[in-house]
Q: 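Before I ask anything, let me first share the structure, which is written out below as structure tokens.
In what follows, chains are A, B, ... by sequence order, proteins preceding strands, each numbered from 1. Since this is a predicted model, take the numbers as computed values, not measurements.
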Amino acid sequence: MQTPATPEFSDLIAQRQHKFAEYLKRGGERYPNTVAPTATTAELAERYANSDKETLIGTPTPSYTLAGRIMALRLFGKLLFAQLQDGVGRLQISLSVDVSSPEVFALFNDCIDLGDWVAVSGRMGRTNKGELTLQVESFTLLAKCHHPLPDKWHGLEDVEARYRQRYLDMFINPEVSQVFITRSKMISAIRRFLDSNGFLEVETPILQLQAGGATARPFHTHHNALDLPLNLRIAPELFLKRLLVGGLPRVYELSRNFRNEGISTKHNPEFTMLEWYMAYADREQVMALMEAMLRQVVTELQGHAQLPYAEHLIDFAKPFTRLTMRESLLALAGFSEADLATIDTLAAAAKLKKVELPKPLPSYGELFQLCFETLVEPQLIQPTFILDYPIETSPLVRQHPNRPGWVQRAELYIAGREHGEFYSELNDPTDQRARFEAQRTKAQAGDKEAMPFDEDFLHALELGMPPAGGIGLGIDRLAMLLTNQPSIRDVILFPLLRPKS
RNA sequence: GGGCCGUUAGCUCAGCGGUAGAGCAGUUGACUCUUAAUCAAUUGGUCGAAGGUUCAAUCCCUUCACGGCCCA
């Protein structure tokens, strides 16, 4: 048997390249695209699940061609076993000098490394221990893996390496691929739900003159031909509402948004958000529709509505709890009515509860929200809608009819995290203009997150926008829930990292 | 931005002032039924980078880079 590698030939990459050269030297084709698989590992495993060894010997199966990566190799002189992984599963394959030929066996043994893409052809059998095995008669090297693979037992555990080389992470740690398959199915289920409820999926600009629709710092870019500074969108809201003005009654967008902010286990600079707008609906109706959608998506994906997440079991079957923010502070944070009376009593009570108060002290509404975020939010494990938000933090929402200073907004909390927002949308152009003015005042005072004044949006509102309810739902966070992942980076294929020097 | 932790062989990790270690992967040999195969031998290191302290630094100190967790 020829041995292409020699003991002094120690560089792992060079060894693999040497084996590839040897494969070509013995007549193999370089990166062929002439062999197509006729089956997958999953199909064969299912088809022959009940066939015993004798049956497979007595009535030989057709010859199948599988394609995939070699992920394990075990050699016994003139027989070898390998694991072939093809994206839908893994199947054992075997080569022996009897089934193929001494030449084919030697070619495989001398030239194939862990990680190589191969196409293998042969018939199904079972080993003495009963494992279903494709007995290879011939094979083709489809693509060489030029790098040594991570530890076969521990896999790739270095978090940084996993994010930087997701392609490697995915085939070394198959559960990672499963996360992204689940994410994809989740998005399909959401589309199906909305499409069947009369919504139209639309695409609105990512390049925007003014980044509106949320309070966040945008990324800046530039269009050369127009010599025009532009921003990447932070939210699609203002364009989707323009479509209501245009006459589309139900629209949604799965929107990649960009926010020039910090990175954490909950934030990635680019992230995906679902927004939908529904004419003639109010906050209550969009909340009810979201509840129905989440119940259906969770059930569709895992067969029932109870979702394990970290140490919790989250129940989507029960009606979601509804509390006003005020009620939640009284019930869950231990505030009294007197504490909530004025900004001073609230600040004093908050200080006692170890809420870190910013200086200078913010408005009553902002302080109220800060207390909520610090004291209540972590307790909201089961799906809970929190109703009514201070007007200062919600410049696009309809005012509450009988609570001055508050707006008809709700947020959905699950597992202690905010997952979505629900609005009775503001369609009064006069009120909207005043809200933009207030934001402009904030911006002039140095608030870099204040929403820009959008005159064209006001023009659209002045033409008349039907009353509407709208929602925003964090798709990445929902994916974290559905795949039981602790960090947003675990549900984003290629999270942003600093370049490695 | 702040605090804590990490960075040692391709991978997973020990070592923590005195010549750099293991398992897996790789290489060589044995082996026709393995399942993290086994047995024997063996290659492989700028110990993240740069300074400093020391007779001597992977180890102690400083700065920097990248990452993780927590906080903002």
Q: For nucleotides B/A72 and B/U19, find the distance between their P atoms and express it as a whole number of Å.
A: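 Taking atom P in both B/A72 and B/U19, they lie 47 Å apart.
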Q: What's the closest nucleotide to the A/K19 side chain, out of B/C11, B/A25, B/U27?
A: B/U27
Q: Mind checking A/Q92 for me? I need base, sugar-phosphate or nothing, with any heavy atom below 4.0 Å counting as a touch.
A: base
Q: What distance, rounded to whole Å, do you find between the two C1' atoms, one in B/A57 and one in B/U46?
A: 14 Å
Q: Does B/U46 have a Watson-Crick or wobble partner in any strand here, with both distances under 3.5 angstrom, and which is it?
A: none
Q: In terms of side-chain heavy atoms of A/L156, which of B/U32, B/A25, B/C11 is nearest?
A: B/C11
Q: Is a donor from one side chain sitting under 3.5 angstrom from an acceptor on the other, for A/T324 and A/D388?
A: no
Q: Could you check whether A/D315 and A/Q306, counting side-chain N and O atoms only, form a donor-acceptor pair closer than 3.5 Å?
A: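 Short answer, yes.
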Q: Do A/D11 and B/G44 share a donor-acceptor pair, side chain to base, under 3.5 Å?
A: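 It does not, because no donor-acceptor pair links the side chain of A/D11 to the base of B/G44 below 3.5 Å.
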Q: Using Watson-Crick or G-U wobble geometry with both distances under 3.5 Å, which nucleotide pairs with B/G17?
A: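 By the stated definition (distances under 3.5 Å), nothing pairs with B/G17.
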Q: With rounding to whole Å, what would you report as the distance between B/U8 and B/U58 at their P atoms?
A: 15 Å
Q: For A/T265, answer base if it contacts any base atom (sugar-phosphate contacts may also be present), sugar-phosphate if it contacts only those atoms, and nothing otherwise; contact means non-hydrogen atoms under 4.0 Å.
A: sugar-phosphate
Q: On a whole-Å scale, what distance lies between the C1' atoms belonging to B/A20 and B/A14?
A: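 It works out to 11 Å between them.
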Q: Pick the closest RNA chain B nucleotide for A/V97 and for A/P148 by heavy atoms, then say which residue is nearer the 5' end.
A: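 By nearest-heavy-atom nucleotide position, the 5'-most residue is A/P148.
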Q: Distance check needed: B/G10 P versus A/H146 NE2, whole Å only.
A: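 It works out to 19 Å between those atoms.
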Q: What is the separation between atom CD on A/E131 and atom P on B/U35, rounded to the nearest whole Å?
A: 10 Å
Q: Whole-Å distance between B/G48 C1' and A/E160 CD?
A: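 Atom-to-atom, A/E160 to B/G48, this comes out as 10 Å.
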Q: Between A/E356 and A/S487, who's closer to the 5' end of RNA chain B by nearest nucleotide?
A: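 Nearest-nucleotide comparison on RNA chain B picks A/S487.
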Q: I need the single residue from A/E411, A/Q369, A/Q408 that forms a side chain to side chain donor-acceptor pair (under 3.5 Å) with A/Y389. Which is it?
A: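 Of the listed residues A/E411, A/Q369, A/Q408, the side chain to side chain donor-acceptor pair (under 3.5 Å) partner of A/Y389 is A/E411.
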Q: Base, sugar-phosphate alone, or nothing: which one does A/R126 contact when heavy atoms must sit under 4.0 Å apart?
A: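 No contact.
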Q: Have a look at A/G155 and say if it touches a base, only the backbone sugar-phosphate, or nothing, with a 4.0 Å heavy-atom cut-off.
A: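 Here A/G155 touches the backbone only, sparing every base.
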Q: In whole angstrom, give me the gap between the C1' atoms of B/U35 and B/G67.
A: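 About 35 Å, rounded to a whole number of Å.
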Q: Would you say A/K152 places a side-chain N or O within less than 4.0 Å of OP1 or OP2 belonging to B/A37?
A: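 For A/K152, the contact criterion (side-chain N or O under 4.0 Å from OP1 or OP2 of B/A37) is met.
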Q: In whole Å, I'd like the distance from the CD1 atom of A/I263 to the C1' atom of B/A72.
A: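 Checked: the CD1 to C1' distance equals 15 Å.
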Q: For A/D151 and B/A9, give me the distance from atom CG to atom P, rounded to whole Å.
A: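 In whole Å, B/A9 P lies 14 Å from A/D151 CG.
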Q: Is there a donor in the side chain of A/Q92 and an acceptor in the side chain of A/T133, or the other way round, less than 3.5 Å apart?
A: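 Yes, a side-chain donor-acceptor pair sits under 3.5 Å.
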Q: Given B/G23, B/G67, B/A37, identify the nucleotide with an atom nearest to the side chain of A/F76.
A: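 So the nucleotide nearest the side chain must be B/A37.
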Q: Paired with B/C69: which nucleotide, if any, by Watson-Crick or G-U wobble criteria at under 3.5 Å for both distances?
A: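 Paired with B/G3.
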Q: Sort out the partner of B/C60 for me: Watson-Crick or G-U wobble, both distances under 3.5 Å, none otherwise.
A: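 B/C60 is paired, partner B/G52.
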Q: May I ask you to say what A/L75 touches in the nucleic acid, namely base, sugar-phosphate or nothing, with a heavy-atom cut-off under 4.0 Å?
A: base
Q: Counting Watson-Crick and G-U wobble pairs only, both distances under 3.5 Å, name the nucleotide matched with B/A36, or none.
A: none
Q: Quick one about A/D344 and A/T342 (side-chain donor to acceptor, distance below 3.5 Å, no hydrogens or angles considered), yes or no?
A: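 The criterion, which ignores hydrogens and geometry beyond distance, is not satisfied for A/D344 and A/T342.
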Q: Could you check which nucleotide pairs with B/A9 in any of the strands shown, counting Watson-Crick or G-U wobble with both distances under 3.5 Å?
A: none
Q: Could you state the atom-to-atom distance from CE of A/M71 to C1' of B/C11 in whole Å?
A: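 After rounding, the gap between these two atoms is 12 Å.
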Q: Rounded off to whole Å, could you give me the CG-to-C1' distance for the A/L56 and B/C33 pair?
A: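 About 15 Å, once rounded to whole Å.
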Q: Distance between the C1' atoms of B/U43 and B/C69, in whole angstroms?
A: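 Pairwise C1' distance, B/U43 against B/C69, rounds to 38 Å.
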Q: Judged by modelled atom types alone, do A/T265 and A/S487 share a side-chain donor-acceptor pair under 3.5 Å?
A: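 Absent: no donor and acceptor within the cut-off.
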Q: Does A/D98 reach a base, just sugar-phosphate, or nothing at all? Heavy atoms under 4.0 Å.
A: base
Q: What integer number of Å spans the P atoms of B/G18 and B/A56?
A: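 The answer is 14 Å between these two P atoms.
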Q: Is the phosphate of B/U35, meaning OP1 or OP2, less than 4.0 Å from a side-chain N or O of A/R74?
A: no
Q: B/C69, B/G67, B/A25: which one has an atom nearest the side-chain heavy atoms of A/L497?
A: B/G67
Q: Taking the side chain of A/E157 as heavy atoms from C-beta outward, which of B/G67, B/U12, B/U32 is closest to it?
A: B/U12
Q: Starting the side chain at C-beta, find the nucleotide from B/C31, B/G67, B/C11 nearest to A/R164.
A: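 Shortest atom-to-atom distance from the side chain points to B/G67.
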Q: Looking only at the side chains, is there a donor atom on one of A/R123 and A/Q135 sitting less than 3.5 Å from an acceptor on the other?
A: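 No pair is found: no donor N or O on one side chain lies under 3.5 Å from an acceptor on the other.
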Q: C1' atom, B/A41 versus B/U7: distance in rounded Å?
A: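 Each nucleotide's C1' atom is 33 Å from the other's.
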Q: When you look at NZ of A/K78, are more than 12 heavy atoms from neighbouring residues, nucleotides or ligands closer to it than 6.0 Å?
A: no
Q: Closest to the A/K78 side chain: B/U32, B/C66, B/C24?
A: B/U32
Q: Specify the separation, in whole Å, of atom CG of A/L12 and atom P of B/A9.
A: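 The answer, rounded to whole Å, is 12 Å.
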